[in-house]
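Below is one structure; the comments refer to it alone.
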Amino acid sequence: MKLLVTGGAGFIGSAFVRQALTGGDVTALCNVDALTYAGNLENLASVLPDPRYRFERADIADAAAIENIFVSFAPDAVVHFAAESHVDRSILSPEPVIRTNLNGTFTLLEAARRHKTERFVHVSTDEVYGSIDEPHDADEGYPLKASSPYSASKAGSDLLALSYVTTYKMNVSVTRASNNYGPYQFPEKLIPLMIANALEGKSLPVYGDGMQIRDWLYVDDHCAAIDAVLRHGRAGEVYNIGGSRALPNIEVVKRILAATGRGEDLITYVKDRPGHDRRYAITSEKVEAETGWKPRVEFENGLARTVAWYRDNPQWIASVRSGAYRDFYEKNYSNR
Ligand code: NAD
Ligand code: TYD
């Protein structure tokens with residue numbers, strides 16, 4: 001299978017690329033990434049020597065660039081991760097979010113339609129369901145009620161992707177995962193930011209009362225689910241992917257402090273996020289029943305692994321914060 005992956009230099013996309021290239025049936029993999037602040041080719045250092053791997057620096061909203069890549073690579077399948085993925089950034093600056101998440105997804109769907117690409121997986125989020133009151137959990141038929149420009153752009157792109165099944169009979173599936181954590185996550189999201197700050201002895205900014213609930217999914221479990229949907233998912237279907245581990249933010253923060261040997265005096269309650277969703281909760285029964293996938297990594301184990309990785313890689317944190325990974329790009333890619 002010739003796989004085109006978008007956003008493969010980001011957190012989840014790079015984990016997916018590393019995982020996909022451990023299997024034998026991926027004959028070629030083309031990673032298309034614009035290398036925004038969130039894209040870091042150091043995340044892919046281990047796959048650089050693999051002759052099946054190829055990188056194309058391109059903006060997914062650039063129709064001409066995407067067309068050239070489809071012509072030259074001719075993928076059998078697309079797994080679409082590229083996005084502006086951070087809620088707080090989307091609140092401060094929605095324009096790139098709309099451009100990448102909506103226009104970019106549209107550009108890719110159009111290219112896949114023109115080239116009759118056999119399979120397309122659109123990677124989305126449980127945030128499209130909005131805040132969910134206890135005791136309910138959202139299944140795939142739950143109404144969409146996005147709260148932020150980020151979640152609204154993902155909800156819009158989900159509907160667009162599904163419309164290509166109804167209208168053009170394309171083989172598209174949508175995945176909606178809960179909050180991911182693990183190595184290589186940019187230190188702007190809750191878990192990596194809190195780990196990085198705790199390791200450096202800085203304060204940990206908790207929004208509002210810290211009682212917002214998120215369901216945590218280890219990144220490798222998410223990638224395994226996407227692979228299962230790619231192979232066994234049905235056209236026009238949405239698949240929720242949850243970690244079965246709901247925790248209030250403050251509990252996550254306290255566990256990070258304990259794991260890094262820091263005291264709770266580092267916790268600072270700060271102004272709440274505008275439109276902050278109180279609780280995310282999904283059921284993953286459909287993907288489990290149809291593909292046999294299940295999350296494997298317990299939160300305690302996954303968090304310990306994640307803290308250890310950040311502790312062992314302070315240079316990675318410094319590098320992504322300063323944008324220094326671009327030197328790595330120049331050194332390794334400028335003559336390829
Ligand atoms: P990320 O921010 O770590 O990475 C995004 C990647 O996309 C980066 O490599 C960036 O350079 C690239 N990119 C951004 N704009 C681009 C553009 N216009 N053209 C080409 N490349 C571009 O994101 P992530 O956390 O790895 O999320 C990946 C996908 O998974 C997103 O679609 C996100 O909505 C979805 N998702 C994320 C989570 C989570 O907890 N992080 C949960 C569920 C779903
Ligand atoms: P985040 O990692 O940004 O993911 P999302 O908003 O997409 O769920 O945030 C997870 C939760 O942590 C969310 O309720 C907001 C909260 N949060 C903080 O309390 N402090 C922070 O500094 C950040 C980044 C998030």
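As the structure lists them, so they are numbered: ligands from 1, and atoms in each ligand from 1.
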Practice task
Tell me, please: is S124 in heavy-atom contact with ligand 1, that is, under 4.0 Å?
Solution key: yes
Practice task
May I ask you to identify the nearest protein heavy atom to atom 19 (N) of ligand 1, giving residue, atom name and distance to one decimal place in Å?
Solution key: I60 N, 2.9 Å
Exercise for the section: Measure the shortest side-chain to side-chain distance between D137 and R279 over non-hydrogen atoms and say whether it is less than 4.5 angstrom. Expected result: yes
Completion exercise
Taking only non-hydrogen atoms of S178 and a 4.0 Å limit, the atoms of ligand 1 in range are 42 (C), 43 (C)
Completion exercise
Residue, atom and distance of the protein heavy atom nearest atom 20 (N) of ligand 2 read P205 O, 2.8 Å
Completion exercise
Near M194 (heavy-atom distance under 4.0 Å), the atoms of ligand 2 are 20 (N), 21 (C), 22 (O)
Completion exercise
In ligand 1, the atoms that come under 4.0 Å of a heavy atom of V123 are 30 (O), 32 (O)
Exercise for the section: For K154, take its heavy atoms, then give the atoms of ligand 1 lying under 4.0 Å from any of them. Expected result: 31 (C), 32 (O), 33 (C), 34 (O)
Handout entry: Side chains of K294 and S244, donor plus acceptor under 3.5 Å
Key = no
Exercise for the section: Taking only heavy atoms of L193 into account, list the atoms of ligand 2 that are under 4.0 Å away from them. Expected result: 22 (O)
Practice task
Please determine if N180 has a nitrogen or oxygen closer than 3.5 Å to a nitrogen or oxygen of ligand 1.
Solution key: yes
Problem - Residues D221 and W293: side-chain donor-acceptor under 3.5 angstrom - result: no
Exercise for the section: Report, in ascending order of atom number, the atoms of ligand 1 lying under 4.0 Å from any heavy atom of A9. Expected result: 9 (O)
Practice task
Return the residue, atom name and 0.1 Å-rounded distance of the protein heavy atom closest to atom 21 (N) of ligand 1.
Solution key: A34 N, 3.0 Å
Practice task
Just need the protein heavy atom nearest to atom 43 (C) of ligand 1, so name the residue and atom and give the distance.
Solution key: A177 O, 3.4 Å
Fill in the blank from the handout: Scanning both residues in full, the closest heavy-atom pair of V174 with S124 reads CG1-CB, 4.1 Å
Practice task
Tell me, yes or no, whether the heavy-atom count around E300 atom CD, taken from other residues, nucleotides or ligands under 6.0 Å, exceeds 12.
Solution key: yes
Practice task
Quick one: look up the protein heavy atom nearest atom 11 (O) of ligand 1 and list residue, atom name and how far away it is.
Solution key: D33 OD1, 2.5 Å
Handout entry: Any donor-acceptor N or O pair under 3.5 Å, side chains Y184, E42
Key = no
Handout entry: Atom CD of E200: over 12 foreign heavy atoms under 6.0 Å
Key = yes
Practice task
Indicate whether any N or O donor in one side chain lies under 3.5 Å from an N or O acceptor in the other, for R54 and S72.
Solution key: yes
Handout entry: Numbered atoms of ligand 2 (with element) below 4.0 Å of V206, judged on heavy atoms
Key = 19 (O)
Handout entry: Side-chain H-bond candidate by donor/acceptor type, S14 with R18, under 3.5 Å
Key = yes
Exercise for the section: Below 4.0 angstrom from a heavy atom of A82, which ligand 1 atoms are there? Numbered from 1 as shown, please. Expected result: 7 (O), 21 (N), 22 (C)
Problem - Nearest atoms (heavy-atom pairs only) where N197 meets R321 - result: OD1-NH2, 3.7 Å
Handout entry: Side-chain touch Q185/Y310, heavy atoms, less than 4.5 angstrom
Key = yes
Completion exercise
closest protein heavy atom to atom 27 (O) of ligand 1 is I12 CD1, 3.7 Å
Exercise for the section: Measure the distances from the heavy atoms of N179 to every atom of ligand 1 and state whether one is below 4.0 angstrom. Expected result: yes
Practice task
Could you list the atoms of ligand 1 found under 4.0 angstrom from a heavy atom of D59?
Solution key: 17 (C), 18 (N), 19 (N)
Completion exercise
When distances are taken from atom 24 (C) of ligand 2, the protein heavy atom at minimum range is E188 O, 3.1 Å
Completion exercise
Checking heavy-atom distances from atom 34 (O) of ligand 1 to each of F16, F81, F11, Y150, the winner is Y150
Problem - Mode of L35 contact toward ligand 1 - side chain, backbone, both, neither (heavy atoms, under 4.0 Å) - result: backbone
Exercise for the section: Taking the side chain as every heavy atom from C-beta outward, state whether S90 and E84 have any pair of such atoms under 4.5 Å apart. Expected result: no
Problem - Y218 vs R296 side-chain heavy atoms within contact, under 4.5 Å - result: no
Handout entry: Charged tip of R255 within 45° of F299 ring normal and under 6.0 Å
Key = no
Exercise for the section: Establish, yes or no, whether the cationic atom of R176 lies under 6.0 Å from the six-membered ring centre of Y142 and within 45° of the ring axis. Expected result: no
Problem - Best match, N197, D277, N249: closest heavy atom to atom 11 (C) of ligand 2 - result: N249
Practice task
Report the relative orientation of the aromatic rings in Y181 and W216; use parallel for angles under 30°, tilted for 30 to 60°, perpendicular for over 60°.
Solution key: perpendicular
Problem - Top protein contact for atom 5 (C) of ligand 1, by heavy-atom distance - result: A83 O, 3.5 Å
Problem - Non-hydrogen side-chain atoms of R214 and N249 separated by less than 4.5 Å - result: yes
Practice task
Under 4.0 Å from a heavy atom of T100: give me the atoms of ligand 1 that qualify, with their elements.
Solution key: 15 (N), 16 (C), 17 (C), 18 (N)
Practice task
Nearest heavy atom to atom 4 (O) of ligand 1 wins, so pick from G10, G104, G8.
Solution key: G10
Completion exercise
Candidates R214, H86, R273, R89; heavy atom nearest atom 8 (O) of ligand 2 found on R214
Exercise for the section: Using heavy-atom distances, let me know which of D215, L190, V252, D209 sits nearest atom 1 (P) of ligand 2. Expected result: L190
Practice task
Would you indicate whether K145, at its atom NZ, is surrounded by more than 12 heavy atoms from other residues, nucleotides or ligands within a distance under 6.0 Å?
Solution key: no
Handout entry: Proximity winner for atom 15 (C) of ligand 2, if only heavy atoms of H276, Q212, R279 are counted
Key = H276
Handout entry: Atoms of ligand 2 close to V87 [distance to a heavy atom under 4.0 angstrom, numbered from 1]
Key = 6 (O), 7 (O)
Completion exercise
Min over S85, P96, S153, S157 of heavy-atom distance to atom 1 (P) of ligand 1 lands on S85
Fill in the blank from the handout: min-distance protein heavy atom vs atom 5 (P) of ligand 2 -> E127 OE2, 3.3 Å
Problem - Subset of ligand 1 atoms that lie under 4.0 Å from at least one heavy atom of A58 - result: 19 (N), 20 (C)
Practice task
Do me a favour and list the nearest non-hydrogen protein atom to atom 19 (O) of ligand 2 with residue, atom name and distance?
Solution key: Y207 N, 2.9 Å
Practice task
Answer whether the closest heavy-atom distance between the side chains of L193 and P205 falls below 4.5 Å.
Solution key: yes
Practice task
If you have a sec, work out which protein heavy atom is nearest atom 4 (O) of ligand 2 and how many Å separate them, to one decimal?
Solution key: N179 ND2, 3.3 Å
Practice task
Decide whether an N or O pair under 3.5 Å exists between H222 and ligand 1.
Solution key: no
Exercise for the section: Answer yes or no for A15: is there a heavy-atom contact with ligand 1 below 4.0 Å? Expected result: no
Exercise for the section: Using only heavy-atom distances, determine whether the side chains of R231 and T291 contain a donor-acceptor pair under 3.5 Å. Expected result: no
